Every structure is written in structure tokens, then in C-alpha cells.
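The chains referred to below are lettered A, B, ... by the order of the sequence lines, with proteins before strands, and numbering in each begins at 1. Everything numeric here is computed off the predicted structure, so don't read it as measured data.
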2 protein chains.
Amino acid sequence: MPNKDSIIELCDTPVIHVEIVNKVRKDMPEEETLYDLAELFKVFGDTTRIKILYALSASEMCVCDMAALLSMTQSAVSHQLRVLKQARLVKFRRDGKVVYYSLDDEHIQQIFNQGLDHINE
Amino acid sequence: MPNKDSIIELCDTPVIHVEIVNKVRKDMPEEETLYDLAELFKVFGDTTRIKILYALSASEMCVCDMAALLSMTQSAVSHQLRVLKQARLVKFRRDGKVVYYSLDDEHIQQIFNQGLDHINE
DNA sequence: TATACATATGAATAATTGTTCATATGTTCA
DNA sequence: TGAACATATGAACAATTATTCATATGTATA
């Protein structure tokens with residue numbers, strides 16, 4: 001039988017299975033790790049960025065080309081590339097006036113494929 | 001040399017590399033697929049839902065226990081479980097008044113791990 | 001050096017979304 | 001059947017975010 005007295009400290013909701021809660025809590029990664037993980041997936045959670053990532057998985061591209069491909073403003077694409085850059089999902093090289101972007105990481109493709117597996121299941 | 005005349009139809013941004021854009025466009029998955037993919041990752045892109053998923057990867061749990069574990073309102077947890085349910089990431093079984101949730105899919109763990117790989121790289 | 005061009009960025013706006021509060025639904029048991 | 005409890009849900013609010021517009025930065029070349 002769960003010990004109803006020990007739960008007041010946890011939160012105002014009564015806990016039914018104290019041992020399970022404690023066990024799971026013990027094995028939970030650090031708060032910061034889970035936060036970072038959510039932040040990473042948040043970056044994948046936008047159609048525009050997904051399209052950019054998909055495009056870059058096919059070929060290195062410049063900002064201008066991506067804007068044309070996606071029928072979007074150069075500015076909008078650039079703003080999203082900034083987000084992708086901060087998440088270290090894309091890297092870039094400059095050649096004169098043109099900046100070429102490409103995927104920074106081989107995990108990205110795998111995360112993509114796993115996601116597609118789930119959708120097509 | 002890119003054909004500057006053919007690009008007006010694409011968008012108002014000049015395209016630098018027409019062949020690349022066309023090649024990438026041809027290989028792009030359907031709009032709907034990429035939309036669904038973004039929607040899936042959007043579900044992963046929230047700290048609360050990540051925590052719930054992580055908890056469920058350790059053990060089946062009821063709503064009440066999750067609320068206690070995460071120090072959150074039962075209502076907040078329930079709302080997020082709804083999102084996870086709609087994304088087919090969790091399933092549930094009812095045992096009397098108590099509803100137990102668990103992961104619906106083995107992909108989830110893999111997506112998680114891939115994400116962690118990226119973070120810890 | 002001045003102009004043209006590719007890209008980046010700040011501010012503003014519109015849309016989306018997570019949480020809270022109040023309450024409804026569904027189940028058990030006296 | 002009615003009270004108690006676990007969960008679900010609708011509406012409202014606050015916070016976050018994607019896009020647009022205007023403009024700045026950086027590079028090449030005439």
C-alpha cells in the first residue's frame with residue numbers, strides 16, 4: 001500500500017505508486033540534459049527547418065537557392081539557418097559573396113529516418 | 001552559368017544554381033510527409049513531454065504518478081498526454097479508476113538516443 | 001572607391017502553444 | 001444510488017516563435 005504521508009512533499013497530487021515514482025526519479029537524466037534534448041527536437045519541429053535540413057541532406061546549397069527551392073523569402077531562410085547553426089545542425093563556408101550551407105552531423109540523417117519510420121509505421 | 005531567365009517562375013529571389021535546385025526539388029519528399037515529420041518532432045520539442053517520455057521509457061506509469069514525479073499539475077500532465085497520444089507515442093490501459101500509460105513504439109527510444117548522441121558529441 | 005549583390009539581423013506582428021482554473025466524465029465502493 | 005477519486009477537457013492567459021519589412025554587413029568588381 002502506498003504511503004500517503006510521504007507524498008505531500010512531492011506535490012499536491014496524491015501519488016499512487018511511491019516506489020515506482022522514486023525508482024524512475026532515480027534513473028532520470030539531469031534536468032539540463034532533458035532540456036537540451038527538448039531544445040534540439042524543437043529545432044526539428046518546424047516545417048521550414050525540416051525542409052532546409054532535407055534539402056541539405058541532398059546537397060550543399062546557398063541561401064539564395066534554398067529560398068527559391070522553398071518559395072520563401074531570403075530573410076526567412078536566413079533566420080532559420082541561424083537557428084540551425086546555433087543547434088550545430090548545419091555548417092557553412094563562404095565563397096566570395098555566396099555562403100554555402102551543409103549538414104554538420106551524420107546523426108541528423110538518422111534522426112530523420114527514425115522519424116520517418118514512425119510516421120510510415 | 002545559371003540561366004537567369006528561368007528563375008522568375010520559381011520565386012522573386014534570383015537562383016544561383018538552377019540545376020542543384022531542380023535536382024534537390026525532384027528528390028524532396030512530399031510536402032505532407034515533411035509536414036508530418038515536423039509535427040512529430042514538435043511533440044518531442046517540449047521539456048515536459050520529453051520528461052514524460054523518458055519516465056515511460058523506464059516504467060509504465062499512471063497520470064497521478066507522473067504529476068508527482070514532475071511536480072506538475074495533473075491537468076497539465078493530462079493535456080500533454082493527449083498530445084503524445086495523438087502522435088501515437090504513448091498508449092494506455094485502464095485499470096479501474098487508474099489509467100496507465102506506456103510507450104507505444106520502439107522508435108522512440110532510438111530517436112532519444114540519437115538526440116543524446118548529438119548533444120554529447 | 002562606388003556600385004551591385006548575397007547574406008544577416010533587429011523590430012514588429014500574427015499565430016501557435018503550454019499551463020492554469022474550473023468543471024466534466026468515468027469508475028469504484030459503501 | 002451517492003460519495004470519493006482518477007483522469008479528461010474547455011476556455012483563458014501568458015509566453016514563445018515564424019515571418020515580414022527595412023536595413024546593415026560583407027564581398028567582388030568595374
Side-chain angles (χ1 to χ4, degrees), chain A residues 1-2 4 7 11-17 20-21 35 38-39 41-53 60-87 90-101, chain B residues 1-2 4 7 11-17 20-21 34-35 38-39 41-53 60-87 90-102:
Chain A
M1 211 44 117
K4 289 246 174 188
I7 62 190
C11 86
D12 46 286
T13 310
V15 179
I16 301 186
H17 312 90
I20 288 184
V21 172
Y35 177 82
E39 287 301 304
F41 287 124
K42 202 175 285 181
V43 176
F44 282 91
D46 175 81
T47 313
T48 299
R49 289 191 294 266
I50 281 281
K51 285 177 184 171
I52 291 176
L53 290 173
E60 177 187 70
M61 290 182 94
C62 72
V63 180
C64 195
D65 289 345
M66 291 187 248
L69 173 68
L70 308 179
S71 303
M72 289 185 64
T73 307
Q74 171 272 319
S75 177
V77 172
S78 194
H79 275 295
Q80 296 306 340
L81 285 169
R82 189 168 191 266
V83 176
L84 293 168
K85 229 186 298 178
Q86 284 171 339
V90 301
K91 58 177 190 273
F92 63 96
R93 67 181 178 86
R94 178 155 219 144
D95 185 9
K97 284 176 292 190
V98 182
V99 178
Y100 293 94
Y101 283 84
Chain B
M1 209 45 117
K4 288 246 174 190
I7 63 190
C11 84
D12 45 288
T13 310
V15 180
I16 300 187
H17 311 89
I20 289 183
V21 172
L34 294 175
Y35 177 82
E39 288 300 304
F41 287 124
K42 200 174 287 180
V43 176
F44 282 91
D46 175 81
T47 312
T48 299
R49 287 191 294 264
I50 282 282
K51 286 177 183 170
I52 291 175
L53 289 173
E60 177 187 70
M61 289 182 92
C62 72
V63 180
C64 195
D65 288 344
M66 292 187 247
L69 173 67
L70 308 178
S71 303
M72 291 185 63
T73 307
Q74 172 271 319
S75 176
V77 172
S78 194
H79 276 295
Q80 297 305 342
L81 284 170
R82 189 168 191 264
V83 175
L84 293 169
K85 228 185 300 177
Q86 283 170 339
V90 301
K91 59 176 188 273
F92 63 96
R93 67 180 177 87
R94 180 156 219 143
D95 184 10
K97 284 178 291 191
V98 182
V99 177
Y100 294 93
Y101 282 84
S102 58

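Protein atom CG of B:Asp95 is 8 Å distant from nucleotide atom P of C:dT28, rounded to whole Å. Regarding B:Ile16, its CD1 atom lies at a distance of 16 Å from the P atom of D:dT27, rounded to whole Å. Atom C1' of nucleotide D:dT16 and atom CZ of A:Phe41 are separated by 20 Å, given to the nearest angstrom. Rounded to whole angstrom, the span from the NZ atom of B:Lys97 across to the P atom of C:dA30 amounts to 10 Å. In this structure, B:Met72 places its CE atom 14 Å from P of D:dA8, rounding to the nearest Å. Here D:dA18 presents its P atom at 11 Å from CD1 of A:Ile52, a figure rounded to the nearest Å. B:Phe92 places its CZ atom 12 Å from the P atom of C:dG26, with the value rounded to the nearest Å. Between A:Tyr35 atom OH and D:dT16 atom C1' the separation is 11 Å, expressed in whole Å.
In this structure, A:Tyr101 reaches the sugar-phosphate backbone alone: every heavy-atom distance under 4.0 Å involves primed, P, OP1 or OP2 atoms, never a base.
Distances shown here put a side-chain N or O of B:Arg49 below 4.0 Å from the OP1 or OP2 atom of C:dG18. Dashed line: the shortest gap from a side-chain N or O of A:Thr73 to OP1 or OP2 of D:dT20 is under 4.0 Å. Under 4.0 angstrom from either OP1 or OP2 of C:dG26 there lies no side-chain N or O belonging to B:Arg94.
Which of D:dA6, D:dT19, D:dA8 sits closest to the side chain of B:Val98 comes down to D:dA6. Comparing D:dT19, D:dA8, C:dG18 by their closest approach to the side chain of B:Gln80 singles out C:dG18. Comparing D:dT7, D:dA18, C:dT19 against the side chain of B:Ser78 picks out D:dT7 as the nearest. Picking from C:dA8, D:dT7, D:dG10 the nucleotide with the shortest atom distance to the side chain of B:Arg82 gives D:dG10. For A:Thr48, whose side chain is taken as the heavy atoms from C-beta onward, the closest listed nucleotide among C:dG26, C:dA8, D:dT19 is D:dT19. Residue A:Lys42 places its side chain closer to D:dT17 than to any other of C:dA8, D:dT17, D:dA8.
What you find for A:Leu69 and B:Val21 is that their closest heavy atoms are CD1-O, 3.8 Å. Of all heavy-atom pairs spanning B:Ala38 and A:Thr47, the tightest one is CB-N, 3.6 Å.
Below 30°, between 30° and 60°, or above 60°: for B:Phe41 and A:Phe41 the angle between ring planes is below 30°, a parallel geometry.
When each of A:Leu81 and B:Ser75 is assigned the nucleotide of DNA chain C with its nearest heavy atom, A:Leu81 is the one assigned upstream, toward the 5' end.
Using modelled atom types, one side-chain atom of B:Arg94 and one backbone atom of B:Gly96 make a donor-acceptor pair closer than 3.5 Å.
The base of C:dA8 lies close enough to the side chain of A:Gln74 for a donor and an acceptor atom to sit less than 3.5 Å apart. In the interface, the side chain of B:His79 is paired with the base of C:dT20 through a donor and an acceptor atom under 3.5 Å apart.
Looking at B:Ile20 and A:Glu60, their side chains never come closer than 4.5 Å, going by heavy atoms from C-beta outward.
By the 6.0 Å contact criterion, CZ on A:Phe92 is open, its count of non-hydrogen atoms from other residues, nucleotides or ligands being 12 or less.
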